[in-house]
Amino acid sequence: MKFFNKNIWAVALASLALASCNDLDTEPTGSILTDKQKQETLLDTPEKASASVNAIFSISSNLSQTTSYHYDIGLPTIFMATDHRGTDLVSSDIGYNWYAVPLTFSDISIGSGYVRTPWRLLYIQILATNNVIKNIDAETTNDVSKFNRAQALAMRAYDYFYLAQLYQQTYVGHEDSLCVPIITEKNSDEAALNGMARAKVKEVYAQIIADLDEAVKLLTGNSTARKDRRYVDLAVAYGLRARVNLVMNNWAAAASDAQSAIDNTDATPTGLTEANKPAFADLAEKNWMWGIYYDDTYAAAKGVVSFASHMGSFSYGYASVGAWRRVSKKLYNAIPTTDVRKGWFLDANKTSANLTTEQKKYLAGKGAVAYTQVKFNTYNGVLGQSTNANDIPLMRVEEMYLIKAEAQAMSGDVTGGLATLTNFVKTYRNASYNVTATTAAEVQDLVWFQRRVELWGEGFSYFDILRLKKGIDRRGAGFDAPCVFNIPAESAIMVYPVPQEEIQGNDKISDKDQNPLGTTPSPVADN
């Protein structure tokens with residue numbers, strides 16, 4: 001058995017055991033089941049597959065899943081690390097900043113924990129999804145079984161989508177480049193024994209689309225309701241496919257899927273009188289389609305090893321003791337004063353119209369600096385508490401409107417795309433919004449700006465840079481001098497190498513299969 005794959009299996013099995021003890025929809029009927037017993041149980045009593053489904057989602061929400069380092073906070077590790085590699089989230093290279101390594105692009109080594117952690121986490125989750133998929137008949141007619149199989153398929157697609165974007169350049173123009181190994185329920189035993197080669201980018205995306213196509217089919221007309229927004233429903237499956245089609249430049253399909261997501265969700269955008277205050281902390285918020293749930297007891301035990309600690313300006317943790325997360329000055333200055341989202345950040349005078357007197361006083365007492373984010377609220381709105389049980393948004397309905405607008409324009413309907421964008425912004429964010437555009441590229445740039453503002457800090461900005469083939473120009477953004485870079489589009493340093501552990505433990509991947517290794521960039525003069 002290959003060394004690294006063996007480690008992944010061990011952690012995955014431990015995660016499954018943890019979920020079986022703590023997060024069951026049904027009680028276990030025995031202590032340990034054999035593989036044959038598991039399959040028989042899932043086939044005879046479909047509801048019991050919910051335990052294995054819960055195991056999948058427990059991995060994504062599990063803090064310090066793969067390491068003991070405080071930057072490893074489950075899926076939000078990827079969001080934080082990539083946002084710190086970009087241009088719009090500004091922070092400083094100080095001891096309290098656990099993401100100073102990606103901030104300075106010092107994470108590019110094949111032995112880096114920041115390179116290894118996403119690979120491990122996502123493959124651990126993939127192995128958990130394979131465990132569900134292989135034990136539920138693809139031809140099942142039981143709605144509960146269909147629902148559970150769809151959960152695993154959608155999550156597997158989600159994981160491969162991140163792997164593809166982290167470890168290779170974007171889809172368009174790189175379809176035949178080496179990407180990541182495809183491990184499914186059909187070849188997982190072979191992969192564990194003999195390793196698995198890197199598949200091509202187009203092959204990985206074909207697997208992603210196939211999984212999402214099946215998930216959509218299984219959820220269409222399904223009578224099984226999800227218990228809460230931790231789980232994937234039909235709208236989320238459409239939303240995931242819209243994201244993938246956007247990256248693949250399947251414009252018409254992306255627009256259609258985004259509209260289907262809007263049509264099938266109960267989530268609605270927050271409006272002008274709702275988006276003007278700190279939020280983004282609770283799975284129940286009206287605009288969330290999908291998210292990670294954190295139990296307050298579990299989060300309390302983890303303390304500062306959490307998204308709220310690293311990001312939250314109102315929470316007890318690393319941000320509030322000096323590692324403030326700030327918005328780019330250049331981006332902030334481009335947000336109109338009539339836009340409620342300008343108040344998601346402190347201004348040059350360290351204040352925001354979106355805050356209460358108590359919140360302003362708290363931040364002043366903590367020494368919050370100019371342009372600090374105040375978008376993300378603290379748990380239950382209690383200032384300075386150490387129970388960092390903030391839920392994490394994985395998909396909000398606002399994103400679907402932005403995908404639809406861009407994809408409409410890029411598929412040839414420039415007028416329709418501009419109308420979708422304008423109606424969204426005027427209705428929900430800035431009543432004075434008024435822009436013009438006559439080409440698809442102009443609409444795409446307008447949407448990109450809105451995505452940079454709307455989705456700030458949620459893990460989208462860096463992947464937009466990659467898919468749009470933009471450079472990383474930090475000049476004028478407010479970064480400290482050693483972190484001011486101007487990196488050309490599609491530079492080697494913009495994607496991670498295959499981790500050293502994988503090359504050492506996988507006979508099907510050698511040094512010749514490695515991505516071109518980038519070099520740490522040199523600072524440039526600011527402006």
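Fair warning: this is a prediction, and the values are worked out from it, not measured in the lab.
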Chemist: Any salt bridge (Lys or Arg N to Asp or Glu O under 4.0 Å) pairs touching residues 255-265, not counting sequence neighbours?
Modeler: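 Output for this query lists R241-D257.
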Chemist: For the residue pair Y231 and F57, categorise the inter-ring angle as parallel (less than 30°), tilted (30 to 60°) or perpendicular (more than 60°).
Modeler: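 Y231 vs F57 ring planes: perpendicular.
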Chemist: I'd like to know if the side chain of D339 pairs up with that of N430 as donor and acceptor (distance under 3.5 Å, no hydrogens or angles considered).
Modeler: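 Absent: no donor and acceptor within the cut-off.
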Chemist: Evaluate the ring planes of Y158 and Y162, with Trp represented by its six-membered ring, and classify them as parallel (under 30°), tilted (30 to 60°) or perpendicular (over 60°).
Modeler: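 Y158 and Y162: perpendicular rings.
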Chemist: Scan for salt bridge (Lys or Arg N to Asp or Glu O under 4.0 Å) pairs involving residues 216-226, sequence neighbours excluded, and state none if there are none.
Modeler: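 Matches after skipping sequence neighbours: R226-D233.
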Chemist: With a 3.5 Å distance limit and no angle check, can you tell me whether T104 reaches the backbone of V101 through a side-chain donor-acceptor pair?
Modeler: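 Indeed, once roles are kept as given, a pair shorter than 3.5 Å links the two residues.
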Chemist: How are the rings of Y428 and Y401 set to each other: parallel, tilted or perpendicular (split at 30° and 60°)?
Modeler: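 Taking Y401 first and then Y428, their aromatic rings sit tilted (interplane angle of 30° to 60°).
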Chemist: Aromatic rings F345 and Y332: how do their planes relate, parallel, tilted or perpendicular, breaks at 30° and 60°?
Modeler: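 Because their plane-to-plane angle is over 60°, the rings of F345 and Y332 count as perpendicular.
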Chemist: Report yes if the side chains of Q359 and V374 come closer than 4.5 Å at any heavy-atom pair, otherwise no.
Modeler: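 A side-chain contact is absent here, since even the closest heavy-atom pair is not under 4.5 Å.
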Chemist: Is there a donor-acceptor contact under 3.5 Å from the side chain of S491 to the main chain of M494?
Modeler: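 No; zero donor-acceptor contacts below 3.5 Å.
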Chemist: Would you call K200-E175 a salt bridge at under 4.0 Å N-O?
Modeler: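 No, this pair does not count.
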Chemist: Do the side-chain N and O atoms of R156 and N130 include a donor-acceptor pair separated by under 3.5 angstrom?
Modeler: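 Yes, side-chain donor-acceptor contact under 3.5 Å.
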Chemist: Taking NZ, NE, NH1 and NH2 as the nitrogens, is one of them in R451 or E406 under 4.0 Å from a carboxylate oxygen of the other?
Modeler: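 Between E406 and R451 there is no salt bridge, as every charged N stays at least 4.0 Å from the carboxylate O atoms.
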